[in-house]
Amino acid sequence: MTSASGPMFLHPDRNLAMELVRATEAAAIRSFPFVGRGDKNGADGAAVDAMRAFLNTVDFSGTIVIGEGEKDNAPMLFNGEVVGTGDGPACDIAVDPIDGTSLTSAGRQNAISVIAASDRGTMLDASSVFYMDKLVAGPEGVGILDIRQSIAENIRALAAAKGKPVGEMVVAVLDRPRHEGIIQEIRDAGAGTRLLLDGDVAGGINAAREEARIDMCIGIGGSPEGIVTACAIKALGGFIQGRLAPKDDAEAQAGVDAGLKMDHVYEASELVNSDNTFFVATGVTDGALVGGVRRKGPIIRTDSIIMRGKSGTIRRVQADYLAERWA
């Protein structure tokens with residue numbers, strides 16, 4: 001669109017989420033045959049192909065800020081790629097056709113297909129530094145949690161805000177050797193752990209959901225996943241902070257050259273500088289956030305969640321597809 005004063009850019013509207021969920025549903029359905037088959041690359045490839053095909057039917061101009069290319073050297077859905085028909089709103093897009101390819105290949109829980117969107121130019125491009133130290137919680141954490149505090153301090157502060165004993169607190173963390181110290185600190189503080197095999201997007205979102213058993217999600221995971229999680233946290237009214245964790249001096253310098261700040265605590269508004277965010281996820285396998293793909297005779301059933309930051313709306317979407325159309 002144009003006006004007398006120059007170009008006008010439409011903002012993503014509420015209908016966009018219902019279009020984006022078709023892409024995550026397609027990715028989940030196409031990866032479903034690979035569940036438990038030990039072929040994570042096959043699952044990821046099928047999901048990428050399906051997601052890209054559906055995204056290119058959506059009336060928007062989506063620039064991929066967080067894509068497959070940086071992580072998997074993928075030829076499609078790479079950072080900087082423009083998807084959509086080119087009509088409609090201009091958006092930043094973060095995609096993860098399968099968050100949890102290892103979970104999918106092993107047939108484990110919590111694998112999801114994810115898309116996040118926001119106004120164009122509002123997502124932090126942290127692709128030059130792959131890892132980020134994150135702290136995520138629900139609305140009770142706003143104003144009291146700080147990633148610079150000790151784990152014990154944060155657990156006690158959040159327990160007090162939630163009105164529950166420290167002994168009933170549950171903290172999610174990726175089960176990695178790098179987190180052995182963190183896991184011990186959580187337990188020494190008197191709280192319990194929920195060790196995640198993979199998929200820290202779902203872990204972070206569950207930490208911010210009222211009905212989930214997790215109270216907090218902490219530790220080092222992917223920087224892209226941090227940006228995606230922030231889009232969902234905007235809708236949940238929750239808390240998120242992130243601090244880049246470069247693996248070596250070369251990566252740290254690459255981040256500085258890209259305009260990123262080392263040793264800086266990124267708040268939610270810096271990870272995504274817009275409240276007009278969308279988060280869409282469809283389950284590949286069953287999990288606490290969404291159910292996995294199901295085949296019921298001639299029907300394929302998907303379970304999805306849609307969150308919109310501007311309105312604070314959370315919707316559940318269940319869809320049935322004729323299996324013969326996906327043969």
Side-chain angles (χ1 to χ4, degrees), residues 9-28 47 50-68 77 79 81-99 112-126 136 139 201-202 204-206 208-209 224-240 242 268-284 289-290 302-319:
F9 297 100
L10 295 172
H11 296 288
D13 65 18
R14 68 191 71 183
N15 295 322
L16 179 62
M18 297 306 295
E19 289 295 307
L20 295 179
V21 77
R22 294 168 57 241
T24 57
E25 288 171 353
M51 179 174 283
R52 186 173 186 266
F54 273 78
L55 280 176
N56 282 327
T57 70
V58 178
D59 284 336
F60 77 139
S61 178
T63 300
I64 295 178
V65 176
I66 297 165
E68 285 284 284
L77 297 181
N79 290 23
E81 183 177 359
V82 177
V83 294
T85 65
D87 297 324
C91 309
D92 281 351
I93 300 291
V95 301
D96 198 342
I98 305 179
D99 180 37
I112 56 177
S113 178
V114 178
I115 297 174
S118 65
D119 294 325
R120 182 74 185 107
T122 58
M123 279 188 189
L124 178 70
D125 181 358
V136 189
V201 170
I205 293 171
N206 281 327
R209 293 171 60 231
E225 286 82 354
I227 312 304
V228 170
T229 302
C231 287
I233 294 302
K234 296 271 186 170
L236 293 165
F239 173 89
I240 183 169
S269 60
E270 296 174 288
L271 296 172
V272 184
N273 187 24
S274 172
D275 288 329
N276 193 30
T277 61
F278 295 89
F279 173 88
V280 177
T282 300
V284 177
L289 184 63
V290 283
T302 60
D303 185 37
S304 304
I305 188 168
I306 297 173
M307 304 183 189
R308 190 182 186 211
K310 189 173 184 180
S311 60
T313 306
I314 302 171
R315 287 185 171 87
R316 297 279 182 177
V317 177
Q318 192 175 82

Indicate the atoms forming the closest heavy-atom contact of Ala281 with Ile112, along with that distance.
CB-CD1, 4.3 Å
Under the criterion side-chain contact (heavy atoms from CB on, under 4.5 Å), I'd like the reasoning laid out for Val95 against Leu55: C-alpha separation, chi angles, the key distance, then a yes or no.
CA-CA 10 Å; Val95 301; Leu55 280 176; 4.2 Å; yes
One should read off an interatomic distance between Ile98 CD1 and Thr24 OG1, to the nearest 0.5 angstrom, of 12.0 Å
Look at the side chain of Thr229 and the backbone N and O of Glu225, then say whether any donor-acceptor pair between them is shorter than 3.5 Å.
yes
What is the minimum heavy-atom distance between Ile115 and Ala23, and which atoms define it?
CD1-CB, 3.7 Å
Can you check whether Ile305 reaches Phe279 side chain to side chain, under 4.5 Å on heavy atoms?
yes
Can you see which heavy atom on Ala208 is nearest to which on Leu236, and at what distance?
CB-CD1, 3.8 Å
If you compare all heavy atoms of Pro224 against all heavy atoms of Ile66, which two are closest, and at what distance to 0.1 Å?
CB-CG2, 3.2 Å
Side chains of Ile306 and Met18: closer than 4.5 Å at any heavy-atom pair?
yes
How far does CG of Asn56 sit from CE of Met51, to the nearest 0.5 angstrom?
12.0 Å
Could you give the distance from CD1 (Ile93) to CD1 (Ile64), rounded to the nearest 0.5 Å?
7.5 Å
Nearest 0.5 Å, please: how far is CD in Glu25 from CG in Leu20?
11.0 Å
Check the pair Asp87, Phe60 against side-chain contact (heavy atoms from CB on, under 4.5 Å), reporting the backbone distance first and the verdict last.
CA-CA 5 Å; Asp87 297 324; Phe60 77 139; over 6 Å; no
Using a 3.5 Å distance criterion without hydrogens, assess whether the side chain of Lys234 forms a donor-acceptor pair with backbone atoms of Val272.
yes
When you measure from the side chain of Asn276 to the backbone N and O of Ser118, does any donor-acceptor pair fall under 3.5 Å?
no
Spacing of CZ belonging to Arg308 relative to CD1 belonging to Ile314, to within rounding of 0.5 Å
13.5 Å
How far apart are the closest heavy atoms of Ala117 and Cys231, and which atoms are they?
O-SG, 4.4 Å
Using every non-hydrogen atom in the two residues, find where Arg22 and Thr57 come nearest and quote the distance to one decimal.
NH1-OG1, 3.7 Å
Measure the spacing between CG of Asp303 and CZ of Arg316 and express it to the nearest 0.5 Å.
6.5 Å
Can Asp275 and Lys310 be counted as an ion pair, charged N to O under 4.0 angstrom?
no
May I have the step-by-step check of side-chain contact (heavy atoms from CB on, under 4.5 Å) for Asn273 and Met123, ending in yes or no?
CA-CA 6 Å; Asn273 187 24; Met123 279 188 189; over 6 Å; no
Are side-chain heavy atoms of Leu16 and Val58 found at a separation under 4.5 Å?
yes
Check whether any side-chain N or O of Ser113 sits under 3.5 Å from a backbone N or O of Pro97 as a donor-acceptor pair, and report yes or no.
yes
Verify, without hydrogens or angle tests, whether Ser61 (side chain) and Gly86 (backbone) share a donor-acceptor contact under 3.5 angstrom.
no
Just by modelled atom types, is the Gly121 backbone N or O under 3.5 Å from a matching donor or acceptor in the Asp92 side chain?
yes
State, yes or no, whether a side-chain contact exists between Asp96 and Val201 at a heavy-atom distance under 4.5 Å.
no
Is it true that Thr282 and Ser304 share a donor-acceptor pair across their side chains at a distance under 3.5 Å?
yes
Using atom types as modelled and distance alone, determine if a side-chain donor or acceptor of Asn79 lies under 3.5 Å from a backbone N or O of Gly67.
yes
